[in-house]
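Just so it is clear: chains get the letters A, B, ... in the order the sequence lines come, proteins before strands, and each one is counted from 1. Since we're looking at a predicted model, the values are computed, not measured.
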2 protein chains.
Amino acid sequence: MSLTNQLSKQERESGSQFAPKFDSQGLLSAVGVDAETKEVLVLAFMNDEALAKTRTTGVVHFWSRSRGKLWMKGETSGNVLRVERILVDCDQDALLIHASPAGPTCHTGERSCFYRELRPEADDSSALVKVKT
Amino acid sequence: MSLTNQLSKQERESGSQFAPKFDSQGLLSAVGVDAETKEVLVLAFMNDEALAKTRTTGVVHFWSRSRGKLWMKGETSGNVLRVERILVDCDQDALLIHASPAGPTCHTGERSCFYRELRPEADDSSALVKVKT
């Protein structure tokens, strides 16, 4: 982690050094997309351990903020996300993971966690409608 | 915000009520994709004000954690993200925004903030390679 703070803005944004910028809670954001269809499947967080596990195993791991524990995506359902590519954003505090899903990514059984649309003109009490995913 | 805590897990995940779940810092995650190409452009955070502005203006606003202020994407460059659709994830703590970008989304001039790939086998000091975006 010490390398992180040594980087200039230019080195961080333009360089080839990977220096993930974890936030004050030790987390960075990770969005998982289907490597084939490019559909956004899930957005979650990684701490350094989840990132390391993801890189060494080739299977996506997250840090669950609600449960306070490391979590292999699909550890219960078997619907793991196999890493195909990892992309890093400009300031290195977010990752974009292209992955091959073994099954529906969402624990609800939906292919993507983003299965509802917010209708712009509706009252919040009935603003969400199911979309095809 | 009070509605948020009244929802059961099932209501939150299956219902039509929009009750965004802001984290302990008052933020939720938002990923912006190109409405046409589906390319992931940016991942950032919204507080309740940024979300409200995004909904009322139809242009994406974020909360900058580093600068501690509300920020209209493209306010300096003109490269705003015009909202086409907003999708909500299962536990309502993340948004997926399909948007029409007025120009390159990244402040570096790249179309997407995710313009570098993490090479799996390389040493971190030289692990990032530029990709075509």
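Looking at His107(A), only its side chain comes within 4.5 Å of chain B, counting heavy atoms on both sides. When heavy atoms are compared at a cutoff of 4.5 Å, Val88(A) approaches chain B by way of both its backbone and its side chain. Contact of Val33(A) with chain B is made through the side chain alone, with heavy-atom distances under 4.5 Å. Contact of Ser126(A) with chain B is made through backbone and side chain together, with heavy-atom distances under 4.5 Å. With a threshold of 4.5 angstrom between heavy atoms, Gln10(A) does not approach chain B through any atom at all. Looking at Ser14(A), the atoms closer than 4.5 Å to chain B (heavy atoms on both sides) all sit in the backbone: N, CA, C or O.
Using a 4.0 Å cut-off between a side-chain N of Lys or Arg and a carboxylate O of Asp or Glu, Asp124(B) and Arg55(A) qualify as a salt bridge.
Linking ILVMFWY residues whenever their side-chain heavy atoms come closer than 4.5 Å, directly or via other members, leaves Trp63(B) and Leu51(B) in distinct clusters. A continuous path of Ile, Leu, Val, Met, Phe, Trp and Tyr side chains, each step under 4.5 Å between heavy atoms, connects Ile97(A) with Trp71(A), placing both in one hydrophobic cluster. Under the 4.5 Å side-chain heavy-atom criterion for ILVMFWY residues, no single connected hydrophobic cluster contains both Leu27(A) and Met46(A). Linking Ile, Leu, Val, Met, Phe, Trp and Tyr whenever their side-chain heavy atoms come within less than 4.5 Å leaves Val60(A) and Val80(A) in two separate clusters.
Chain A forms more heavy-atom pairs under 4.5 Å with one residue of Asp123(B), Val129(B), Val83(B), Leu95(B) than with any other, namely Leu95(B). Per-residue counts of heavy-atom pairs under 4.5 Å with chain A were compared for Gln92(B), His98(B), Lys38(B); the largest is that of Gln92(B). Between chain A and the residues Ile86(B), Asp23(B), Val42(B), Thr37(B), the most heavy-atom pairs under 4.5 angstrom are made by Ile86(B). Note on Arg85(B), Arg119(B), Lys130(B): by heavy-atom pairs under 4.5 Å with chain A, the leading option is Arg85(B).
For the pair Ser24(A)/Gln25(B), a side-chain contact is recorded, criterion being any heavy-atom separation below 4.5 Å from C-beta on. Proximity of Ser29(B) to Phe45(A): side-chain heavy atoms (C-beta onward) are separated by under 4.5 Å at one or more points.
Between atom NZ of residue Lys9(B) and atom OG1 of residue Thr108(A) there is a gap of 9.5 Å, rounded to the nearest 0.5 Å. Interatomic distance, CG of Leu96(A) versus CG of Leu118(B), reported as 12.0 Å (0.5 Å rounding).
Enclosure of atom CD in Glu84(B) by more than 12 non-hydrogen atoms of other residues, nucleotides or ligands within 6.0 angstrom is indicated. Counted within 6.0 Å of CD on Glu75(A), heavy atoms from surrounding residues, nucleotides or ligands total more than 12; the atom is thus considered enclosed.
With hydrogens and angles disregarded, a donor-acceptor distance shorter than 3.5 Å links the side chain of Arg116(A) to the backbone of Cys90(B).
Checking Asp93(B), Leu43(B), Asp89(B), Leu28(B) one by one against Leu43(A), the side-chain contact (heavy atoms from CB on, under 4.5 Å) holds for a single residue, Leu43(B).
Across all their heavy atoms, Phe114(A) and Ala94(B) have their closest contact at CE2-O, 3.6 Å.
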